[in-house]
Amino acid sequence: MGIFHRDLEAQREKLIYRMSEYIKGKGHEVTIVFDGWKSGGKIENQSLIKGVNVIYSRLGEKADAVIKRIVSSEKKHWIVVSSDREISDHAWTKGSVALTADEFINVLEKSEKFLNRDYVLLEDEEYSQKKKGSPNKLSKRNKIKKRTLNKL
C-alpha cells in the first residue's frame with residue numbers, strides 16, 4: 001500500500017473487504033500480510049476476517065520477511081501479489097508465481113465487471129482475445145504469468 005494514504009487503516013479494511021468479495025466470487029484462499037514493524041505487537045498477529053487470512057508482522061519485522069518465510073516454508077505454490085522486485089524474485093525462485101499489484105488489480109476489475117453483469121464492456125477491445133505474433137516469443141516466466149492470470 002505504501003505511504004500514500006492518509007488513513008492507512010481504512011485502506012487496509014477496504015482491501016480486506018475487496019478480497020472477501022473476490023473470495024465469494026472465485027473461491028480462492030487469500031492471505032494478506034501487513035507491516036507491523038513500527039507499531040505491531042511483540043508477536044505476529046494472525047486472524048481470519050471475512051474469510052481472508054490477515055497477518056500483521058511483529059514489531060521490528062517487515063511484511064516482506066513474513067511473505068518470504070511463508071513462500072519458503074509452505075509446500076504449496078503461491079500466487080504472490082507484490083510490486084516489490086525482491087519479493088517477486090524470491091517467489092519465482094521458490095516455484096511460486098509473482099504478479100505486480102497492477103496486474104492483479106486488472107484481474108479484479110475484469111472479474112468485478114463480469115460479476116456485475118456488465119457484458120457490454122466484455123466486448124470492448126480491452127477484453128478481446130486477439131493474438132498477435134508467435135506465442136513462442138513469450139518468456140517462460142511470462143507464459144506462466146499468462147496461465148496464472150487466466151485462472152484468476
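Nearest approach of Asp35 to Glu61, heavy atoms of both residues: OD1-O, 4.4 Å.
Among residues two or more places apart in sequence or in another chain, the side-chain hydrogen bond (donor to acceptor under 3.5 Å, both in side chains) test is passed with Asn142 by Ser139. Partners of Ile144 by side-chain contact (heavy atoms from CB on, under 4.5 Å), not counting sequence neighbours, listed by chain and number: Trp92, Val97, Lys140, Arg147, Thr148. Contacts of Ser47 classified as side-chain contact (heavy atoms from CB on, under 4.5 Å), with partners at least two apart in sequence or in another chain: Ile49, Val54. Under the side-chain hydrogen bond (donor to acceptor under 3.5 Å, both in side chains) criterion, Arg141 pairs with no residue at all, not counting sequence neighbours. Applying the ring pair (Phe, Tyr, Trp, His ring centres under 6.0 Å) rule to His28 yields the partners Tyr22; only residues at least two apart in sequence or on another chain are considered. Residues meeting the salt bridge (charged side-chain N to carboxylate O under 4.0 Å, His left out) test with Arg85, sequence neighbours left out: Asp89. With sequence neighbours left out, the side-chain hydrogen bond (donor to acceptor under 3.5 Å, both in side chains) criterion links Lys24 to Glu21. With sequence neighbours excluded, the residues forming a side-chain contact (heavy atoms from CB on, under 4.5 Å) with Thr93 are His90, listed by chain and number. Ile87 is linked by a side-chain contact (heavy atoms from CB on, under 4.5 Å) to Asp64, Ile67, Lys68, Val80, Ser82, Asp84, counting only residues two or more places apart in sequence or in another chain. For the side-chain hydrogen bond (donor to acceptor under 3.5 Å, both in side chains) test, residues two or more places apart in sequence or in another chain that qualify with Lys145 are Glu103.
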### Message
Between Met19 and Ile32, is the side-chain contact (heavy atoms from CB on, under 4.5 Å) condition met? List the steps.
### Response
CA-CA 9 Å; Met19 291 297 92; Ile32 300 174; 3.8 Å; yes
### Query
Can you check side-chain contact (heavy atoms from CB on, under 4.5 Å) on Asn53 and Val30, steps first, answer last?
CA-CA 6 Å; Asn53 186 23; Val30 175; over 6 Å; no
### Message
Assess the residue pair Glu9 and Lys14 against the criterion (salt bridge (charged side-chain N to carboxylate O under 4.0 Å, His left out)); give the C-alpha distance rounded to whole Å, side-chain angles, the decisive distance to 0.1 Å, and a yes or no.
### Response
CA-CA 9 Å; Glu9 200 56 42; Lys14 184 177 176 182; over 6 Å; no
### Verdict with reasoning, Thr31 to Val52, per side-chain contact (heavy atoms from CB on, under 4.5 Å)
CA-CA 6 Å; Thr31 299; Val52 179; over 6 Å; no
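Thr100 places no side-chain N or O within 3.5 Å of a backbone atom of Ser83 that could act as its donor or acceptor partner.
Hydrophobic clustering keeps Val71 apart from Val81 (ILVMFWY residues linked when any side-chain heavy atoms are closer than 4.5 Å, directly or through intermediates). In this structure, Val66 is not a member of the same hydrophobic cluster as Ile79, with clusters built from ILVMFWY side-chain heavy atoms closer than 4.5 Å. Hydrophobic cluster membership is shared by Leu108 and Ile16, with clusters built from Ile, Leu, Val, Met, Phe, Trp and Tyr side chains linked at under 4.5 angstrom.
Here the CD1-NZ distance, from Ile23 to Lys50, works out to 11.5 Å after rounding to the nearest 0.5 Å.
Hydrophobic cluster membership of Leu48, counting Ile, Leu, Val, Met, Phe, Trp and Tyr whose side-chain heavy atoms lie under 4.5 Å apart directly or via other members: none, as it forms a cluster of its own.
Between Glu13 and Arg18, no side-chain nitrogen of the basic residue sits less than 4.0 Å from a carboxylate oxygen of the acidic one, so the salt-bridge criterion is not met.
For Gln46, the CD atom is densely surrounded, since the number of other residues' heavy atoms within 6.0 Å is greater than 12.
Considering only heavy atoms from C-beta on, Arg58 stays 4.5 Å or farther from Lys42 through its side chain. In this structure, Ile55 and Ile70 have side chains that are in contact, with non-hydrogen atoms separated by less than 4.5 Å.
The ring-ring contact (aromatic ring centres under 6.0 Å, His included) contacts involving residues 55-81 comprise Phe34-Tyr56, where partners must be two or more places apart or lie in separate chains.
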